[in-house]
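Only one structure is covered here, and it is reproduced in the block below.
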Amino acid sequence: VSVEEINLSKNQIFEIDCIPNKSNLKTLNLHNNNLKNIPKILVECKSIITLDLSYNTINTFDIDNLSANIENFFFYDNIFFPLNLNLGFI
């Protein structure tokens, strides 16, 4: 069985540490959960094209936890704080 889409939205999920069939997964929907950060397991999901992390409680953003192949990334309504960029001239 080849699973191409997993919808785990609206499940009060706090953490994801295992995703089955990572090699064939194209779409992962995790919106409306209680994730506080981007799951590190996502970097192993090279085939994901669409990822929805909207409506969680994500407050940190680590781009290294995402596959470079993602084309559609949804991140609406999180608690994300902008990056603090110290450019050295203030």
Side-chain angles (χ1 to χ4, degrees):
V1 175
S2 176
V3 176
E4 292 188 358
E5 182 174 345
I6 295 176
N7 185 345
L8 295 172
S9 62
K10 300 178 183 177
N11 281 294
Q12 300 180 7
I13 296 172
F14 287 91
E15 185 175 332
I16 298 279
D17 58 6
C18 176
I19 297 175
N21 298 322
K22 292 183 280 222
S23 61
N24 298 319
L25 189 61
K26 304 278 186 232
T27 301
L28 180 59
N29 188 339
L30 292 168
H31 79 75
N32 285 88
N33 281 292
N34 292 314
L35 295 169
K36 293 190 185 298
N37 49 45
I38 296 173
K40 292 180 182 181
I41 191 75
L42 294 180
V43 75
E44 298 175 17
C45 300
K46 305 284 186 213
S47 62
I48 289 181
I49 296 172
T50 301
L51 175 63
D52 190 347
L53 294 173
S54 299
Y55 302 98
N56 279 282
T57 57
I58 297 174
N59 58 17
T60 59
F61 188 92
D62 189 349
I63 194 88
D64 293 331
N65 290 347
L66 296 176
S67 167
N69 297 328
I70 294 175
E71 296 175 10
N72 305 302
F73 180 57
F74 302 97
F75 196 69
Y76 305 109
D77 287 326
N78 278 282
I79 306 173
F80 178 67
F81 296 105
L83 295 174
N84 183 7
L85 299 177
N86 184 355
L87 300 177
F89 55 82
I90 295 180

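Remember, it's a predicted structure, so these values are computed and weren't measured experimentally. For the numbers below, each heavy atom of this structure counts, side chains included, while hydrogens, waters and symmetry mates do not.
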Backbone N/O of [Y] and side chain of [X]: donor-acceptor pair under 3.5 Å:
X     : Y     : answer
Ser47 : Leu25 : yes
Asn24 : Ser2  : no
Asp52 : Ser54 : yes

Is it true that atom NZ of Lys40 has more than 12 heavy atoms of other residues, nucleotides or ligands lying nearer than 6.0 Å?
no

Could you grab the distance from atom [atom1] of [X] to atom [atom2] of [Y], nearest 0.5 Å is fine?
X     : Y     : atom1 : atom2 : answer
Thr57 : Ile79 : OG1   : CD1   : 5.0 Å
Asn7  : His31 : CG    : NE2   : 6.0 Å
Glu5  : Thr50 : CD    : OG1   : 8.5 Å
Ile13 : Glu15 : CD1   : CD    : 11.0 Å
Asn56 : Ser9  : CG    : OG    : 10.0 Å
Asn33 : Leu53 : CG    : CG    : 9.5 Å

Which atom names give the shortest non-hydrogen contact between Asn78 and Tyr55, and what distance separates them?
ND2-N, 4.1 Å

Correct closest heavy-atom pair for Ile16 and Pro39 would be O-CB, 3.8 Å

[X]-[Y] co-clustered via ILVMFWY side chain contacts under 4.5 Å:
X     : Y     : answer
Ile41 : Phe14 : no
Phe75 : Leu35 : yes
Leu28 : Val43 : no
Val3  : Leu30 : yes

Leu51, Ile49, Ile48 screened by side chain to side chain contact (heavy atoms under 4.5 Å, CB included) with Phe73, the one that passes
Leu51

